[in-house]
Amino acid sequence: MSELAALLHSLKERSGRSYAELAGRCGASASTLHRYCRGQVLPDSYGMVERIALACGAGKAELAELYRLWAEADAGRLDAGRAPSTDDLRRPAPDPNPDPAPDPAPAPPPVADRAAALASAASHPQDPISASATYGRRPASRGRRPMRFVALACVLAVGVVISTTASSPNLRQGRAGNPPPQWIPGPAWSQLPKPVPAGFYGVTINSGSGAMPTFRVGGVRLWDSGTLWSLLEPARNRFDWTTLDRLVGSAHRANLPVLYTFGGTPQWAAPHAPLGPYPDGSRTAPPDDLKDWVRFVKAVATRYAGRIDAYELWAFAPSPHFYTGDAATLARMTQQAAAVIRRADPAATLVCPSIGNLWEPVSQRFLRDFASAGGYQACDVAGVKLAPQHDGDTPESLVGLAAVIDRTFHEAGVHPRLWSTGTVYRIAKDRKLDQARAIAYAVRFYLIGMYVRYDRMYFYNWGGTKIPLVLQAVGGPPTAAAHAVDTLQRWLAGARITSCGNGRPDGLPSRVWQCQFVLAGTAGQGPVRAFVRWTESGTVSMSADRGADTIRFLDGRSMPAPPTLQITEQPVLITIRPGR
């Protein structure tokens, strides 16, 4: 089994894909794939091995070798009289940061003739739906099989394998003899040059002081800033605008667009609802009377018409900390708020309530239910929480989540523009990042937003210090990570993005990611092609691009591009001489 794991791991590394991204393509959890590649668990079927290999770009010879290694390991498992059970797969790996348990296998359907099932499995050794997948996992313990059954199964299997081998020497048949998936080289996506708007680079303000970032950002989102509904309307029809006035005024003076986020139902509006996480007594459920909600939305939109640029119509759902109501009620609240705001401020952008924890089926179902209730029809943009699944995941793992989100919206029958407006609630408990990784992750947060083609990204947060990655504390100077975010925006001021990709499909080494841009160029010089390039982990050497002119670093240095580039976790900008 160790040889099989080693080959799977080498394919995974060569592909440049994260476990989370592969999981989305293979129909398994990231933790399960991790255990396969470490040799801790043997896949119950060759079909799973093949799916992993194809997602990594394996060739015919590699697929044949994988089948040989899997068959040998599987035979050894049968000789031992036991296969890993679901409990084995749930047992944490000996790792300081184990992944969560994989999903249990589906219950097996009834089987009338197991010998026929074995013969069918043998006739399609690379079938993604193999014998173990179709008929359930082998029992955790078993006695000796009846010899007549073994003999019959062996005869059937050998006969069909001989037939299959004769027609396909490399054992590369798919289900019903289908050919392998098409290999498609090229970037993940490409387009005609499209501007990267300055407003793309947002931050969430975590202070009610009125202080604003002193490094370059594209906009501010107000949350955890003393602007909850419960604080702005502490009693029915009694408003206190002091903090929101201060924040909106400061943002206006700094020329920063404002996204105001609704949330925090007052205690007086839902006295029997669950308490939220804040000391003001705010509740997590909708108000008992939605007329209270409409009245508050109208008061905000009327007072700040022309000064607040966009409204996020609830902070986070579903969540025991922020929203415990149902999707249909939230859709109704969204429709009511949208109608009120459009009358008071037609120019404002309306962002549907942000759905969080979208790695989880319960949140995916909530999104679909919200869509079914007509919630997204009322908004200009959909809000989501593009957040890591586990503490320590790289920003690139968000690509896997973005794929899940896209699929969920597709299933819901809606295709809105997307803004990422925050992260997961546990962020204050996650591990702190060191200096180098903080710089790398802060910049790559925005680059991955470009990679997944979101219209706006709001970093959580600005002003607070109890988070893994701090850009700037209130009253303090920007951190090195903040300066790096500033540098990225300077690199791409006036830039137009044309494509993003990673690894071998985009002609890059494994673990290397990039986005391509057209820069504005200096006076007397035409547009300049450029790449922002980085690794998901470690350092990778690669030949410089043809016509490479300069390489710029996040610390402000620049130099002529050498023949061999050292690409690291901290992104660099590589410009190409005009005409190349």
query: Say you draw a straight line from CZ of R456 to OH of Y201; how long is it, rounded to the nearest 0.5 Å?
result: 12.5 Å
- request: Determine whether L232 and P266 make a side-chain contact, defined as any pair of heavy atoms from C-beta on separated by less than 4.5 Å.
  value: no
message: For R490, is there an ion pair with D486 - N to carboxylate O distance below 4.0 angstrom?
response: yes
D455 side, atom CG; M457 side, atom CE - distance, nearest 0.5 Å: 11.5 Å
message: Quick check: do L401 and Q389 have side-chain heavy atoms less than 4.5 Å from each other?
response: no
message: Using 30° and 60° as the class boundaries, would you call the ring planes of Y311 and Y260 parallel, tilted or perpendicular?
response: perpendicular
query: Regarding T214 and Q472, is there a side-chain donor-to-acceptor distance under 3.5 Å anywhere?
result: yes
task: Applying salt bridge (charged side-chain N to carboxylate O under 4.0 Å, His left out) between E396 and each of R17, R511, R444, report the one that passes.
output: R444
query: Any luck finding a side-chain donor-acceptor pair between Q566 and S541 under 3.5 Å?
result: yes
query: L447 and W534: side chain to side chain contact (heavy atoms under 4.5 Å, CB included), yes or no, with the steps?
result: CA-CA 10 Å; L447 288 169; W534 70 96; 3.8 Å; yes
- line: From the list W293, F322, W223, ring-ring contact (aromatic ring centres under 6.0 Å, His included) with F262 holds only for W293
- prompt: Will you find, in the side chains of T265 and R283, an N or O donor that is under 3.5 Å from an N or O acceptor?
  reply: no
message: Do K298 and R295 have side chains that approach each other closer than 4.5 Å (heavy atoms only, starting at C-beta)?
response: no
- request: Answer yes if the side chains of N502 and Y451 hold a donor-acceptor pair under 3.5 Å, and no otherwise.
  value: yes
message: What I want to check is whether the side chains of Y278 and D224 have a donor and an acceptor closer together than 3.5 Å.
response: yes
- prompt: Would you call the rings of F370 and F366 parallel, tilted or perpendicular, where under 30° means parallel and over 60° means perpendicular?
  reply: parallel
query: Taking only residues two or more places apart in sequence or in another chain, which ones pass side-chain contact (heavy atoms from CB on, under 4.5 Å) with D434?
result: A436, R437
- prompt: Any donor-acceptor pair under 3.5 Å linking the side chain of R342 with the backbone of A378?
  reply: yes
- prompt: Got S354 and E312 here, is their nearest side-chain heavy-atom distance under 4.5 Å?
  reply: yes
statement: To the nearest 0.5 Å, atom CD of Q267 lies from atom NE2 of H272 at 9.0 Å
query: Going by atom types alone, do T243 and T227 pair a side-chain donor with an acceptor below 3.5 Å?
result: no
- prompt: Looking only at heavy atoms, which two atoms of W462 and A211 are closest? And how far apart?
  reply: CZ3-O, 3.4 Å
query: Measuring from Y454:OH to Y446:OH, what's the distance to the nearest 0.5 Å?
result: 15.5 Å
message: Within the 4.5 Å heavy-atom criterion, are L313 and I341 side-chain neighbours or not?
response: yes
query: At what distance, to the nearest 0.5 angstrom, does CZ of R529 lie from CD1 of I574?
result: 11.5 Å
- line: On a heavy-atom basis, the closest approach of L573 and L519 is CD2-CD1, 4.3 Å
task: Describe, in one word, how the ring planes of Y19 and H34 are oriented to each other, choosing from parallel (under 30°), tilted (30 to 60°) and perpendicular (over 60°).
output: perpendicular
field: Within-4.5 Å side-chain heavy-atom neighbours: W419 and T349
entry: yes
- line: Smallest heavy-atom separation, D506 atom then G501 atom, equals OD2-CA, 3.4 Å
- prompt: Quick one: does D280's side chain get under 4.5 Å of L228's, heavy atoms only?
  reply: yes
task: Let me know which of L565, I551, L554 forms a side-chain contact (heavy atoms from CB on, under 4.5 Å) with V572.
output: I551
task: Please determine, by modelled atom types, if K385 and T421 share a side-chain donor-acceptor pair under 3.5 angstrom.
output: yes
field: Interatomic spacing from CZ in R307 to CG in L244 - rounded to 0.5 Å
entry: 8.0 Å
message: Within the 4.5 Å heavy-atom criterion, are L259 and D309 side-chain neighbours or not?
response: no
task: Using the six-membered ring wherever Trp is involved, compare the ring planes of F296 and W229 and label them parallel, tilted or perpendicular (cut-offs 30° and 60°).
output: parallel
